[in-house]
Amino acid sequence: MTNQEVANLLRQIAKILEIKGDSTFRIRAYEEAATRVENLAEPIEDIWKRGELTNVPGIGESIAAKIEEYLKTGKSSYLEEISKDIPKGLFEMMEVPGIGPRLAWRLYTEAGIQSIEELERALVEHKLQGLRGFGAKMEKKLLDGIQMYRQLSGRIPLYLALPIVHNVITYLKGHAKFVDIAPAGSLRRGRADIGDCDVLVATDDPIPVMEAFVKMPGVAQVLAKGDTKASVFTGGLQVDLRAVPVESWGAALQYFTGSKAHNIKLRELAIKKGYKLNEYGLFKMDTDEKVAGRTEEEIYNALGLPWIPPTMREDRGEIELAMTGKLPRLVEMKDIKGDLHVHSTFSDGTDTVETMARKAKEMGYEWLVISDHATGLGVVGGLKPEDLPDYIAAIKEAEKKVGIRIFVGLEGNIKADGTFLFTDDRVEVLIAAIHTALNQEKEKILDRYEKTFKEAKPHIVAHPTGRILGRRGGLNVTSSEVLQLCNKYDVVPELNCTPMRLDIDDVGVLTAVTQYHMPVALGTDSHDAEELVNMELGVIQAQRGWADPDHVINTWSAEKVEEWLRSGHKQ
DNA sequence: GCCGTTTTCGGCCCGACTGTTTTCAGTCG
């Protein structure tokens, strides 16, 4: 049972309690427990086996018992009990913007509506107008909401959201007056996928800015528009704009960056210290005197904390860590000295070894791993043992011409039965990856990894879970399951920086770094030279996993990398 | 349902926007 599955159970319980109008505090307790489980660096099953479930913040006796039953039996009698009289369609209805748990429940109990299709029909036929609070505007709002729900495909990958927000900001700079503007929300936190985009603007004259925003070209729909806050639908994405007074810029940036769970924790801390925190500033509870707000640093410091980087603000324990003064110094782009996963024309890359090396040099790197595919993957050609002399000669030549250290790498395919095509002493960096038979069941995939880790002793396992953002699928394994094997066989997990992969995910990095004290390997998996810049997306994800430079191999000197390659492997 | 160097009971984050509520509940982030 994975942490995600347990978190889903708790979240499902919270949802049902919400529909039924249960205590908001009980609902919050389940939601918070879900978030904590989701973000645990350790498998919850291990914690349970040690009898330490209630040591996890947010988990008490009652929730621990429910988790235990679920881990033991795969079922929850409590969930079954409370969901008996709830039609499944209600959950989908709540995905429609504007429909929350209370309205979904009313639509069901007062009008017998159990699905989006039934709701749509009732709206079109004006059958709901007898209900309290249902006028023509409400009808239109919900019909629009249904249409939007059908267009939205859920969350979109970070790299697709970035240009949309960039366009909004560029447009507003040319068509409105303000002092400052910045993206906030999950975009600023660097989440791998984005639900909606938040943009913050500092101005003392917000109304014209809001006007310009909702009239932007490309706005498909205006979802809300007030004096200081507006939401539109553009480029297939919801974008929220929030205007704040200049003197509240820091407080607003903090508030609007989130995450929600992080903010709640911070406001609770503020209350304990006799303050009230909102998007306008930090105020003394008794006198309403403002004590901080111009910058984020001011606010965190006034609460007795160092400034916490946005990439850490997920309520994964960062506030508690900040209190002890032990926040890690997160890895940054300027620390990166090399790329651990790059292809060339020797397999399916479009640029030569030399071109890739020049780009690496241009990025300020000291070294590079050229890691072309080994044979066995039909579509990409791939290197055979007899190709190695030419491959190595090309690498050595580029090394001399460009003037950076280039390691001879090889990305080998782990076959469906777990055999690995070839290893060779002339290969300095051996990368193993699954590219075929992706739909096997979990046990089979883990067996394949284990067999290869044991027999071929690769240095790195590439894109360990096979996830593709914005699409279903990936391998039937979680990062935490692969990481257990990595730990056992001393194989370094890759954080693949391909914008659609970012695999292992942020929680995986957190597990590797804080649980196993294991480094991660950032690899852009570049197939042309321009893709080397994707390293930046990987660095952001590594930050989200609390990685300091020591835990990122890419920050090591070429000598230190050589030392690592010699030790522990192929002895 | 969780939690506690002021509490094992009585608290629990905060505000904007919407619709139609003449004072506020629901939704959202």
Side-chain angles (χ1 to χ4, degrees), chain A residues 10 13-14 17-19 21-36 53-67 78 82 93-107 128-129 131-142 144-145 184-189 194-200 206 210 214 222-231 238-244 248 251-252 254-283 285 303 315 319:
Chain A
L10 298 174
I13 291 173
L17 294 176
E18 223 180 335
I19 290 174
D22 207 306
S23 148
T24 53
F25 303 114
R26 184 177 292 118
I27 294 162
R28 235 189 80 187
Y30 276 99
E31 274 171 352
E32 183 174 335
T35 304
R36 294 308 289 232
L53 277 181
T54 52
N55 290 1
V56 177
I59 297 182
E61 295 297 331
S62 171
I63 291 183
K66 277 150 194 143
I67 293 176
Y78 179 64
I82 59 173
M93 275 163 63
M94 285 164 60
E95 299 288 312
V96 173
I99 300 184
R102 303 306 301 146
L103 184 55
W105 184 241
R106 277 190 58 214
L107 285 167
L128 297 176
Q129 290 202 345
L131 263 57
R132 182 173 53 83
F134 260 87
K137 274 193 173 172
M138 194 64 173
E139 264 181 357
K140 181 172 186 317
K141 183 181 155 183
L142 292 188
D144 286 349
S186 50
L187 201 85
R188 181 161 179 250
R189 298 201 309 280
I194 303 293
D196 52 34
C197 296
D198 302 299
V199 179
L200 189 62
M210 294 295 139
V214 298
V222 178
L223 305 167
K225 178 176 167 284
D227 290 351
T228 61
K229 186 180 171 183
S231 297
Q238 182 179 328
V239 181
D240 300 335
L241 182 69
R242 175 70 178 251
V244 294
S248 301
Q254 196 290 315
Y255 161 86
F256 225 27
T257 296
S259 66
K260 189 176 170 180
H262 175 91
N263 283 356
I264 289 174
K265 273 284 152 60
L266 212 58
R267 287 180 210 143
E268 282 170 354
L269 181 63
I271 289 171
K272 277 190 199 135
K273 293 187 179 270
Y275 298 114
K276 185 179 74 162
L277 177 62
N278 60 28
E279 62 265 53
Y280 300 108
L282 185 68
F283 301 87
M285 195 81 84
L303 292 171
D315 190 26
I319 293 179

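Order of the sequence lines fixes the chain letters, A, B, ..., with proteins taken first and strands second; residue numbering starts at 1 for each chain.
- Using a distance-only test at 3.5 Å, with no hydrogens or angles considered, a donor-acceptor pair links the side chain of A:Arg102 to the main chain of A:Ile19.
- Taking every side-chain heavy atom of A:Ala224 into account, B:dT18 is the closest of B:dT18, B:dG29, B:dG26.
- If you take atom P in B:dC12 and the same atom in B:dC17, they sit 25 Å apart, rounded to whole Å.
- Residue A:Ile27 is out of contact with every strand shown, counting any heavy-atom pair closer than 4.0 Å.
- As a whole-Å value, the separation of A:Ile194 CD1 from B:dG29 P is 13 Å.
- For the C1' atoms, the distance linking B:dT22 with B:dC28 amounts to 25 Å, nearest Å.
- Contacts of A:Ile264 with the nucleic acid, taken as non-hydrogen atoms under 4.0 Å apart, include base atoms.
- Comparing the C1' positions of B:dT8 and B:dG1 gives an interatomic distance of 14 Å, to the nearest angstrom.
- Heavy atoms of A:Arg242 sit under 4.0 angstrom from primed sugar atoms or phosphate atoms, though from no base atom.
- Using a 4.0 Å heavy-atom cutoff across all strands shown, A:Glu32 reaches no nucleic acid atom at all.
- When distances are taken from the side chain of A:Asp196 to each of B:dG1, B:dG29, B:dT27, the shortest belongs to B:dG29.
- Note on A:Asn263: nothing from the nucleic acid sits closer than 4.0 angstrom, heavy atoms only.
- Which of B:dG29, B:dG15, B:dG1 sits closest to the side chain of A:Lys276 comes down to B:dG15.
- Taking every side-chain heavy atom of A:Met138 into account, B:dG19 is the closest of B:dG1, B:dC14, B:dG19.
- Not a single donor-acceptor contact under 3.5 angstrom links the side-chain atoms of A:Tyr255 to the base of B:dG15.
- The side chain of A:Asp240 has B:dG29 as its nearest neighbour among B:dG1, B:dG29, B:dA16.
- The residue A:Lys265 sits apart from the nucleic acid: no heavy atom pair falls under 4.0 Å.
- The partner of B:dT8, taking Watson-Crick or G-U wobble pairs whose two distances both stay under 3.5 Å, does not exist in any strand shown.
- Residue contacts shown for A:Lys66 are limited to sugar-phosphate atoms, with no base heavy atom under 4.0 Å away.
- Remark: the separation of the C1' atoms in B:dG26 and B:dT21 is 11 Å, to the nearest Å.
- Backbone-only contact: A:Ile271 has heavy atoms under 4.0 Å from sugar-phosphate atoms and none from a base.
- At distances below 3.5 Å, not a single donor-acceptor pair connects side-chain atoms of A:Arg188 with backbone N or O atoms of A:Asp198.
- Set against B:dC17, B:dC2, B:dC14, the side chain of A:Thr228 has B:dC17 as its closest nucleotide.
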